Every structure is written in C-alpha cells, then in structure tokens.
Amino acid sequence: NMEIVDLFLAPAYLLFIFFFAIIYRSKALKETNIGRFFLPGLALKCFGAISAGLIYKFYYGTGDTFTYYTASKLLNQILDVNFDHWWSAITKPAQGNIASTYLDIRVIQYDKTFFFVKMCSMLGMLTFNNYSVISLFLAAFSFATSWKFYKMCCDLYPKMWKTMGYCVFYIPS
C-alpha cells in the first residue's frame, strides 16, 4: 500500500498542488482577510491525509482506506486486459458490474463505495497508482469543498470570518 516511492512522489505532487494553490490565492484572494486561512487550511488537510494513511499502515496494519485503494488498483489492471471491460466497469453501477468478474472485493457491491473506488481509480491513472498521492488529491478536493463552505459562511456573516475559519479548518471532522 504505502511504499518507498511514496517518499518521492508525494512531495513532488504536494509541490504541484501548492503551486496552483499559491497562484489561486494570489489572484483570487489577494485583498481579503479570508485568504489567511487558504494555505494553512490546505496544508492541514494534506497533513491529515498522509497522517491518517501512516496511522492505518503502521498502527492498525490495515483499514478501509487500503481496501478502497487496492480495489482501485485492481480496477486499473482491468485496463491492461480489456479496455471495453474497464470502460464498462467505470461507467456502470455496482450491481451486475463486469468488475465483479475481475475483483473479489466487497466494496464493489454498493454504488456509493464503488463510486469512490472508480474515482480513486481515475486519480490512480494520474498518479502512478500511488496511495499517498491519491490521498493528497482527495485532501485537496476535500479542502476545496470546505473552502466553498467557508466562503459561503463568510458571505452570510462577514464579521465572523476569523471564528468561522478556525471552526472550518482547525477543528477535526
């Protein structure tokens, strides 16, 4: 699941994510108070993603996170066998999916969990199927949705921008 290559790929992709985050902040949030929370909030999400993976790997030894990751890797391996089967697996719902002939994993039985596997599979294609890098992209996506929520709250209650920033970004959820 987590390998030596994670030590090299994760920092490289982290730089990539922060490069675009800095550009966004410098253009879209240049003259706002709320911009103060942007990079620290993103950094905390990324730190949390990597930390959770390390805890599951070295303390628990396993976990759902690795089950989903393994299923996404196996789903990508279908692409090596038959593109039509892979495309069918990616585009169809869980029930009766052709992926079940290739994968014997319970996470493909339900649409919600299988959707997550498919999403991780697509990310895996961009990240050399690397667990840590997929986690970083999921953390960045999670942060983006938290950021939208934070901005909405600040639009509704502009004087509470600081309190809301602490609540949204610094309280674990």
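Heavy-atom basis, side chains included; hydrogens, waters and symmetry copies ignored. Predicted, not measured: the structure shown is a model, and the values here were computed from it.
Residues K162 and F37 come closest through the heavy atom pair O-CZ, 3.6 Å. Shown here for F169 and L44, the closest heavy-atom pair between the two residues is O-CD2, 3.2 Å. Between F83 and L79, the shortest heavy-atom distance links the atoms CD1-CD1, 3.4 Å.
Identified under the salt bridge (Lys or Arg N to Asp or Glu O under 4.0 Å) test for residues 63-72, with sequence neighbours left out: D64-R106.
Atoms CG and CD1, on L42 and I17 in that order, are 7.0 Å from each other to the nearest 0.5 Å. From W86, atom CH2 reaches atom OG1 of T91 across 9.0 Å, with rounding to the nearest 0.5 Å. From Q77, atom CD reaches atom OG of S72 across 10.0 Å, with rounding to the nearest 0.5 Å. To the nearest 0.5 Å, the span separating CD1 on I134 from NZ on K73 amounts to 9.0 Å. Between the CZ atom in F114 and the CE atom in M119 there is a gap of 13.0 Å [rounded to 0.5 Å]. To the nearest 0.5 Å, atoms NZ (K57) and CD1 (I50) are separated by 13.5 Å.
Looking at heavy atoms from C-beta onward, I108 lies out of side-chain contact with L75 at the 4.5 angstrom threshold. Residues Y13 and F18 have side chains not in contact (no heavy-atom distance under 4.5 Å, counting atoms from C-beta outward). In this structure the side chain of T127 never reaches within 4.5 angstrom of the side chain of L9, judged on heavy atoms.
Side-chain heavy atoms closer than 4.5 Å link hydrophobic residues (I, L, V, M, F, W, Y) into clusters, and following such links, even through other members, never connects F47 to L15. Cluster annotation: V81 and M125 are assigned to the same hydrophobic cluster (Ile/Leu/Val/Met/Phe/Trp/Tyr, side-chain heavy-atom contacts under 4.5 Å, transitive). Linking Ile, Leu, Val, Met, Phe, Trp and Tyr whenever their side-chain heavy atoms come within less than 4.5 Å leaves L126 and F16 in two separate clusters.
The 12-atom threshold is not exceeded at OH of Y56, counting heavy atoms of other residues, nucleotides or ligands nearer than 6.0 Å. For CZ of F8, the number of neighbouring non-hydrogen atoms (other residues, nucleotides, ligands) closer than 6.0 Å is 12 at most.
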Worked verdict on V133 versus F128 for side-chain contact (heavy atoms from CB on, under 4.5 Å): CA-CA 9 Å; V133 180; F128 307 102; over 6 Å; no
Audit row: I23, K27, side-chain contact (heavy atoms from CB on, under 4.5 Å) steps and yes/no: CA-CA 6 Å; I23 290 172; K27 291 184 183 203; 4.0 Å; yes
Assess the residue pair M122 and I90 against the criterion (side-chain contact (heavy atoms from CB on, under 4.5 Å)); give the C-alpha distance rounded to whole Å, side-chain angles, the decisive distance to 0.1 Å, and a yes or no. CA-CA 9 Å; M122 299 299 242; I90 290 290; 4.1 Å; yes
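Side-chain rings of F115 and Y110 stay apart, their centers remaining 6.0 Å or farther from each other.
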N/O donor-acceptor pairs under 3.5 Å from side chains in residues 93-102, not counting sequence neighbours:
{"from": "Q95", "atom 1": "NE2", "to": "Q109", "atom 2": "O", "distance (Å)": "2.6"}
{"from": "N97", "atom 1": "OD1", "to": "A99", "atom 2": "N", "distance (Å)": "2.8"}
{"from": "N97", "atom 1": "ND2", "to": "A89", "atom 2": "O", "distance (Å)": "3.1"}
{"from": "N97", "atom 1": "ND2", "to": "K92", "atom 2": "O", "distance (Å)": "3.1"}
{"from": "N97", "atom 1": "ND2", "to": "P93", "atom 2": "O", "distance (Å)": "3.2"}
{"from": "S100", "atom 1": "OG", "to": "N97", "atom 2": "O", "distance (Å)": "2.8"}
{"from": "T101", "atom 1": "OG1", "to": "I98", "atom 2": "O", "distance (Å)": "2.6"}
{"from": "Y102", "atom 1": "OH", "to": "H85", "atom 2": "ND1", "distance (Å)": "2.6"}

Side-chain atoms of residues 135-158: list all donor-acceptor pairs with protein atoms under 3.5 Å, sequence neighbours left out, distances to 0.1 Å.
{"from": "S135", "atom 1": "OG", "to": "Y131", "atom 2": "O", "distance (Å)": "3.0"}
{"from": "S142", "atom 1": "OG", "to": "K45", "atom 2": "NZ", "distance (Å)": "3.3"}
{"from": "T145", "atom 1": "OG1", "to": "S142", "atom 2": "O", "distance (Å)": "2.7"}
{"from": "S146", "atom 1": "OG", "to": "S142", "atom 2": "O", "distance (Å)": "3.2"}
{"from": "Y150", "atom 1": "OH", "to": "W161", "atom 2": "O", "distance (Å)": "2.8"}

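Side-chain atoms of T32 come within 3.5 Å of backbone N or O of L29 as a donor-acceptor pair. No donor-acceptor distance shorter than 3.5 angstrom exists from the side chain of S121 to the backbone of V117, with no hydrogens or angles considered.
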